[in-house]
Amino acid sequence: MKYELFVENIKCGGCANTITQKLNKLANVSVLEVIVEEGKIVIEGTDASRGLIVTTLKNLGYPEVNSVEGLEALKVKAKSFVSCAIGKIN
């Protein structure tokens, strides 16, 4: 099943690289495209894998749009800077 997720904090190719690498390690998941400008990730996966994908993205600092607020939003934004830097290195 192919679907799209819209996430926050995607800033550059480093972010896209980290997202692609981490999600492609999950069973039955394949990242087809990360569109940085739109904050959109196009994924091939099962319905059952969607929850794991959303949780993985949030742990990397890229939560679904409007899913976090306040202090939690600041925490995930900080995580996204680290994920971005790692993606630039790799």
Taking it one step at a time, do V65 and V7 satisfy side-chain contact (heavy atoms from CB on, under 4.5 Å)? CA-CA 5 Å; V65 172; V7 297; 5.5 Å; no

Determine whether Y3 and I53 satisfy the following criterion, side-chain contact (heavy atoms from CB on, under 4.5 Å), listing intermediate values before the conclusion. CA-CA 12 Å; Y3 54 94; I53 291 166; 3.0 Å; yes

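Of all non-hydrogen atoms in C84 and Y62, the two that sit nearest each other are N-OH, 3.6 Å. Nearest heavy-atom pair across A73 and V68 is CA-CG2, 3.9 Å.
Looking at residues two or more places apart in sequence or on another chain, you find a side-chain contact (heavy atoms from CB on, under 4.5 Å) between N24 and T20, S30, V31. Remark: T55 engages N59 in a side-chain contact (heavy atoms from CB on, under 4.5 Å) (not counting sequence neighbours). V82 meets the side-chain contact (heavy atoms from CB on, under 4.5 Å) test with I86; sequence neighbours excluded.
Summarising the geometry, atom CG belonging to N17 is positioned 11.5 Å from atom NZ belonging to K88; distances are rounded to the nearest 0.5 Å. Distance check: L26 CG to T56 OG1 gives 4.5 Å after rounding to the nearest 0.5 Å. Remark: N9 CG to L60 CG distance equals 11.0 Å, nearest 0.5 Å. Remark: L23 CG to L52 CG distance equals 8.5 Å, nearest 0.5 Å.
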Compile the donor-acceptor pairs under 3.5 Å between side chains in residues 39-47 and protein atoms, sequence neighbours left out, one pair per line.
unit_1: K40; atom_1: NZ; unit_2: E4; atom_2: OE2; d: 3.4
unit_1: E44; atom_1: OE2; unit_2: M1; atom_2: N; d: 3.0
unit_1: T46; atom_1: OG1; unit_2: S49; atom_2: N; d: 3.1
unit_1: T46; atom_1: OG1; unit_2: S49; atom_2: OG; d: 3.2

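Evaluation of the side-chain hydrogen bond (donor to acceptor under 3.5 Å, both in side chains) test over residues 67-85, restricted to residues two or more places apart or in two chains, returns K11-S80, K58-E72. Within the structure, salt bridge (charged side-chain N to carboxylate O under 4.0 Å, His left out) contacts touching residues 13-24 (residues at least two apart or in different chains) do not occur.
Between E64 and R50, at least one side-chain N (NZ, or NE/NH1/NH2) sits under 4.0 Å from a carboxylate O, which counts as a salt bridge.
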